Amino acid sequence: MKLSLKRLFGRSMTGGFDLAETPSPPSPRSAARKTALVSLAFVLAIIGALAGGYYFAMRPVTLKIAVGPANSDDVKVVQALTQAFSQHKSQIRLRPIQTDGATASADALAEGKVDLAIVRGDIDVPKNAQAVATLRKNVVVLWSVPGKGKKRGLKITKISQLAGHRVGVVGRTQANVNLLKVILQQYGVDPAKVEIVQFPANEAAEAIKAQKADVYLAAGPVNSKITADAIAASTKDFGAPSFLAIESADAIAQNHPVYEASEIPAGTYGGSPARPDDEVKTISFSHHIVARKGVSETTIAAFTRQLFAVRQQLVTEFPLAAKIETPDTDKDAVIPVHPGAAAFVDGEEKTFLDKYSDYIWWSLMALSAMGSIGAWFAGYLKKDERDNNSHLRERLLDMIAAARKSEATEELDQMQAEADEILRDTLRCFDHGAIEEGSLTAFNIALDQFHAAVADRKAVLSSLPQNLQRAGAQFRAAGNA
């Protein structure tokens, strides 16, 4: 039986049915409706928080990457990557920070000034650096020139012959000098007995023409233009150069894990006859893209995915981009791999939901539990009010029986007034949420029965003669006395 609040208020608060046509006061707001609205608002707030969290997690992130020196191939590749990421509106964006070279880039990463850096594998890699990708591999090229005039001397064909000679190192980086010393020590040549001169890459041709050294060393990709131009300058002025093989490349790689044994294919540097005319054994090392250890796994995984997604698009303009490789994920790798890059390589990259679903689930469970506890606590606080109303309803039921036996209209009017007070209390309890709609329906049934009993009894009393009514009243008074 559905409760009609209009019917409740339609009853006279003082008795009878003659006031049923009076305007009905507004019904109290249902506590259930309040709870539903609050719950809906709460759910919408949770959805909004989740949407905001998703937007925050998926918003574009800009990573600062240290690279140098100026005008180097590494700088050009990073600039191309920056433009590609921006054009594709990728989640990860790059902000190049130009440095003086790989060592300066490594220092910037160690100091936390950048998030990524391009470093050489044979320098002191910062402890907080983790590998993301191998940008390219470089080979060491050693060649000698016979010289002209007074500087023409014994033709050098072996590294063991370098004692007492001058070696020109292409490039200003100290790393190339350290690399030469490693090679000399492997062959038992004291570096102190070798005169080492350095000159910038753009001055290599002039230095060779001026015969500033007997042997030259260059380190770069196999198809490096700098190395090719330097060898071409040697050939132009002094004839075919002699390439010095590093036959102990395997031993060097064993003693220095940052290096690998490698080969320079015949004819790599062109010419007729081919330069070199046969395969030359040498060592190689890598340039790595490394990330600061503190950068999140999700961010680096997204960067690695984007890097290999655009790699092929850059090959036409930057052939070096084709040399970008995945990092070494072995536990004994020289540079430990970043967990984000490893997740991409191993196919274990986690999506937003994969990563945060557990947190979302447990948060919802916790909120649900908190809601249940809150509802129980709210109900507990209203227990006394609910129990009191239950007693009042029982009183109303007792009043029904009393009304049917009443012998005076005054007594019925008193019970009617008491019923009105019970009605007020019940509506107040319903408005406060102490009782549910089912309890209010039961109360309505009892109240209807009470009104019917009062009306029936008044009809009976009004039909009796006045003397009988007075006699009844006197009898009750005597009985009470």
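Counting begins at 1 with the first residue of the sequence. Worth saying up front: this structure is predicted, and the values here are computed from it rather than measured.
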(Q) For the residue pair His88 / Gln83, report whether a side-chain donor-acceptor contact shorter than 3.5 Å exists. (A) no

Q: Dump the intermediate steps for side chain to side chain contact (heavy atoms under 4.5 Å, CB included) on Asn178 and Gln174, then the final yes or no.
A: CA-CA 6 Å; Asn178 297 336; Gln174 180 63 29; 3.2 Å; yes

Q) Is a side-chain donor or acceptor of Lys64 paired with a backbone partner of Lys113 at a separation under 3.5 angstrom? A) yes

Q. Nearest heavy-atom pair of Ala117 and Ser105: which atoms, and what distance?
A. CB-O, 3.7 Å

Q.
Taking side chain to side chain donor-acceptor pair (under 3.5 Å) as the definition, give me every residue that meets it alongside Lys281, ordered by chain and number, with sequence neighbours left out.
A. Asp250

(Q) Could you report the tightest heavy-atom contact between Asp115 and Leu109, atom names first, then the distance? (A) O-CD1, 3.6 Å

Q. What is the ring orientation for Phe85 with Phe303, classed by angle as parallel under 30°, tilted 30 to 60°, or perpendicular over 60°?
A. perpendicular

Q. Hey, are Ser242 and Thr157 close enough side-chain-wise for a donor-acceptor pair under 3.5 Å?
A. no

Q. Is the backbone of Pro69 close enough, under 3.5 Å, to the side chain of Gln98 for a donor and an acceptor to pair up by distance?
A. no

Q | Over all atoms of both residues, closest heavy-atom pair of Val67 and Val75 | A | CG2-N, 3.7 Å

Q) What distance do Ser262 atom OG and Glu279 atom CD have between them, rounded to the nearest 0.5 Å? A) 8.5 Å

Q: Might you point out which heavy atoms bring Ala341 and Val337 nearest each other, and give the distance in Å?
A: CB-CG2, 4.0 Å

Q: Specify the closest pair of heavy atoms between Asn176 and Ala219, including all atoms of both residues, with the distance to one decimal.
A: OD1-CB, 3.8 Å

(Q) If the test is side-chain contact (heavy atoms from CB on, under 4.5 Å), which one of Val194, Val167, Asp190 qualifies with Leu184? (A) Val194

Q.
Please verify the inter-ring angle class for Tyr269 with Phe243; under 30° counts as parallel, over 60° as perpendicular, anything in between as tilted.
A. parallel

Q.
For Val114 versus Arg292, what's the shortest heavy-atom pair and its separation?
A. O-NE, 3.2 Å

**Q.** Residue pair Arg305 / Gln91, side-chain heavy-atom distance below 4.5 Å
**A.** yes

Q. If you measure from the Lys or Arg side-chain nitrogens to the Asp or Glu carboxylate oxygens, is any gap between Lys137 and Glu260 under 4.0 Å?
A. yes

Q) Passes salt bridge (charged side-chain N to carboxylate O under 4.0 Å, His left out), Asp100 versus Arg172? Steps please. A) CA-CA 10 Å; Asp100 293 332; Arg172 288 294 190 184; over 6 Å; no

